[in-house]
Enquirer: 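Let me give you the structure first, and then I'll get to my questions.
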Amino acid sequence: MGSRALIGGVLAVLALVAIIAPGGASGGDDASQPYPTRQLEIMAPAAPGGGWDTTARAFQQASRDAGLDKGVEVFNVEGAGGTLGLSELVSKSSGDPYQLMMTGLVMLGAIETNGSDVPITRTTPIATLITEAEAIVVPADSKYRSMEDLAAALKADPGSVRVAGGSAGGADQLLLGEIARVLGVDPKRTRYVAHSGGGEANAAILSGSVDAGISGLGEFVDQVEAGKMRLLAVSSPVEAQVDGKVPPTIKDAGVDLELTNWRMLVAPPGLEDAERERITEYVTKVLESPAWQENVERYDWQPFVKTGRELDDFVASEQRRVQQVVADLGIGK
Amino acid sequence: MLVLAANLLDGFAAVLTPQNLLLAALGVTLGTLVGVLPGIGPALTIALLLPITFNFEDPVGAFILFAGIYAGGMYGGSTTSILLNTPGESASVATAIEGFEMARRGRGRAALATAAIGSFVAGTIGIVALTLVADPVASLAVKFRAEDYFALTLLAFASVTALTSSSLVRGFASLCVGLLIGFVGIDQLTGQSRLTFSVDQLGNGVDIVIVAVGLFAVGEALHMAAKLRSRPDELVPTEPGGSWLSKQDLRRSWKPWVRGAGIGFPFGALPAGGAEVPTFLSYATEKKLAPDREWGEGAIEGVAGPEAANNASFSGTLVPLLTLGIPTSATAAIMLAAFQIFNLQPGPELFETNSELVWTLIASLYVGNIMLLALNLPLIRVWVKVLEIPRALLYAGILVFGTLGVYSLSGSVVEVLVMYAIGVMGFFMRRFDFPIAPVILGVILGPLMETQARRALTASGDDFSVFFSRPLTVILLILAVAAFVIPHLPALKKRLAFGEDD
């Protein structure tokens with residue numbers, strides 16, 4: 001370790017001071033200069049260390065390394081699957097192009113499950129950044145050898161398979177609901193045991209109290225490689241190898257369905273089209289920077305970039321889809 | 001055994017360089033600062049610093065920095081608990097009960113010292129336990145299912161009913177208030193809103209820190225304000241003397257330290273154990289073992305035990321993290337992210353493939369602990385000056401500090417209002433002599449017990465036999481029943497004896 005560590009330490013202090021005493025004068029924006037012309041704030045609507053927080057901080061670091069900003073601050077607004085952060089963005093920051101928020105599929109589920117009255121379409125979507133594939137695992141000694149086995153069991157009696165995953169209405173339960181629907185059984189009859197996070201769900205799977213688990217692929221890789229769990233399938237194609245081979249998708253196993261846990265940056269409502277374009281240009285530049293590519297690799301994400309009209313259509317279709325699954329599952333409200 | 005010692009020495013050799021020591025000192029200082037500042041915990045600090053460690057060439061420096069921040073953050077949290085009655089996080093709620101009473105009686109120095117030294121002792125015991133029994137403990141810990149957690153929570157519940165004071169009825173009334181507060185929020189299992197009255201901010205439930213600051217700090221401040229005119233504002237003299245802990249304090253502290261570590265470590269190792277339950281269990285244990293101490297008026301055992309339990313539970317959370325790759329707390333989740341950045345896979349193979357690094361991590365925890373003592377013991381002299389502020393001003397300051405803390409925790413005015421509402425309730429509870437601690441217990445244990453019971457029932461298809469079908473569950477349930485009944489046996493016997501007299 002060289003003197004870089006020390007410099008890092010000193011930077012640490014500075015970073016902390018920057019957080020404790022945030023600046024941020026508001027006011028007009030000079031459209032002749034490239035965005036951003038002043039400090040930008042990104043809200044991670046969840047706890048530090050979670051998916052949205054990690055993605056926001058990775059974006060912050062890449063933007064800084066690429067020298068594209070005048071300072072980016074990431075702050076957390078925790079709670080209720082991100083819907084608290086969403087309503088704060090919509091109510092407090094309307095028209096402010098320097099307030100962005102990290103969001104994704106999980107928030108769509110939370111909006112429907114919690115009965116939040118602010119739809120995601122109230123925001124101004126800027127760009128999707130990445131996706132993470134969902135994975136379906138069973139304990140190593142399970143009788144289900146393949147995704148086909150599990151699908152057959154679910155089809156015969158959805159209540160016979162106890163599935164552990166994250167919170168109610170999150171990406172994990174949405175996937176289970178969709179699988180049930182595609183298999184032609186009532187999603188309401190699936191037996192899903194919600195946990196507060198990947199760690200807890202992992203422990204439940206290892207303890208043998210459930211028959212299968214669904215979560216982000218990253219949560220399971222260690223356990224699979226250590227031989228404690230068997231990876232049956234992933235919810236969308238991935239490039240990375242797990243335990244020496246590329247995992248099969250659920251589609252390969254005859255469940256005609258694709259679902260990924262995507263994340264995107266959104267801006268508040270009330271922006272003009274030109275403002276949206278300027279922000280999109282900046283975000284796209286960060287996403288093209290080597291620093292961002294490195295982060296994508298570091299965290300085993302899949303790059304997934306959609307902007308503009310294409311993004312609007314994507315968000316609208318994902319919203320319809322989530323509304324349908326949540327209604328099928330009969331959760332929430 | 002010899003191999004272990006050799007490994008550990010290698011770890012120390014890697015850690016003990018001037019640069020690393022500087023990083024440890026920096027970490028501890030930063031950690032103490034953010035721990036004292038309301039609203040910023042060690043988890044957030046480490047998350048903020050994580051990107052900076054990308055620049056480190058090897059992970060040792062990062063681990064040392066993090067270990068220092070964590071140790072400092074924990075200790076900073078207990079400092080505000082003791083001096084200002086405003087616990088910054090759930091794990092130091094139990095410390096506030098006796099700690100602040102000690103500070104009020106001029107024993108702040110002893111309280112801070114027993115917290116610091118206790119953290120160090122328990123941290124050390126925890127680290128030793130981690131090195132020796134990580135594997136067996138981890139394989140036992142993952143055997144716990146939802147029904148076992150339910151039984152365990154019931155056992156904790158039964159053991160801490162000692163906190164429900166002399167009057168059972170008042171104690172249970174307080175407990176019910178706590179359970180009710182615990183219900184507020186979006187149900188984790190079904191996503192339904194409960195008792196949120198369409199207020200978005202209540203969706204996340206009422207954080208235990210908000211309840212604790214409301215009941216302890218606001219309630220106490222109102223209580224003081226109500227009595228300010230009728231009583232002269234006497235300043236509490238801090239006790240004289242050069243040493244931090246008197247011989248007598250040390251004698252009273254060391255057993256609670258060891259017991260607290262014994263309670264904290266296994267709970268930390270359980271994937272859903274946490275730090276709150278063991279701190280309260282430790283408090284209850286100490287109260288049971290030495291009932292004739294000045295409980296409620298600053299018994300040092302009530303600070304020593306919970307602080308030790310808190311610290312040992314962190315070493316405990318490293319067990320599932322390192323051996324299974326399962327993070328069980330926010331801080332552990334961020335540590336896991338740090339591991340992954342350096343291409344390390346915590347999990348069953350870590351001890352074999354990267355044993356050097358594991359030992360370095362363990363050694364850096366030691367160094368962090370020692371650095372904490374070295375930096376903070378001299379600082380106690382400065383901290384206790386806070387207590388020399390005249391009472392009216394001190395309580396006003398506590399209100400400001402508590403309000404600021406709750407606001408920065410959530411960034412929402414609603415939660416501040418909730419805190420004050422709970423504070424007003426706390427004032428009336430004090431006024432009419434209802435115990436405060438059971439409310440806190442209800443808020444912590446109620447949701448835990450409910451979630452685990454319902455998880456067990458979901459998995460079993462609503463079949464209650466799930467609670468009686470495995471030996472582990474049954475043993476825990478029997479222990480829980482015993483813990484409920486045994487304290488009441490003498491009274492029951494007496495009553496039966498009277499019956500014969502009639």
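Letters A, B, ... are given to chains in the order of the sequence lines, protein chains preceding strands, and every chain is numbered from 1.
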Enquirer: Main chain of A/D243, side chain of A/E225: is a donor-acceptor contact present, judged purely on distance under 3.5 Å?
Expert: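 Checking the backbone N and O of A/D243 against the side chain of A/E225, a donor-acceptor pair under 3.5 Å is found.
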Enquirer: Could you tell me which portion of A/L84 (side chain, backbone, both or neither) has an atom closer than 4.5 angstrom to a non-hydrogen atom of chain B?
Expert: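 Contact with chain B: side chain only.
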Enquirer: Under a 4.5 Å heavy-atom cutoff, which of A/G159, A/A168, A/A164 has the most pairs with chain B?
Expert: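 Answer, by heavy-atom pair count under 4.5 Å with chain B: A/A168.
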Enquirer: Are A/D141 and A/R230 close enough for a salt bridge, meaning some N to O gap below 4.0 Å?
Expert: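 No, no charged N to carboxylate O under 4.0 Å.
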Enquirer: Pair A/F59, A/V286 - check side chain to side chain contact (heavy atoms under 4.5 Å, CB included), show working.
Expert: CA-CA 8 Å; A/F59 182 87; A/V286 175; 3.6 Å; yes
Enquirer: So which residue, A/A194, A/S207, A/A204, A/G330, ends up with the most heavy-atom pairs under 4.5 Å with chain B?
Expert: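 Top option by heavy-atom pairs under 4.5 Å: A/S207.
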Enquirer: Is it the case that the side chain of B/S193 and the backbone of B/T196 share a donor-acceptor pair, with hydrogens and angles ignored and the cut-off at 3.5 Å?
Expert: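 Flag not set: sc B/S193 to bb B/T196 has no pair under 3.5 Å.
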Enquirer: Take A/E219 and A/N202 through the test side-chain hydrogen bond (donor to acceptor under 3.5 Å, both in side chains) and record every step on the way to the result.
Expert: CA-CA 8 Å; A/E219 302 275 1; A/N202 261 336; 4.6 Å; no
Enquirer: Would you mind checking which part of A/Y192 comes under 4.5 Å of any heavy atom in chain B, side chain (CB onward), backbone (N, CA, C, O), both or neither?
Expert: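 Only the backbone of A/Y192 comes within 4.5 Å of chain B.
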Enquirer: Side chain, backbone, both or neither: which part of B/S460 has a non-hydrogen atom closer than 4.5 Å to chain A?
Expert: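 The answer is the backbone of B/S460.
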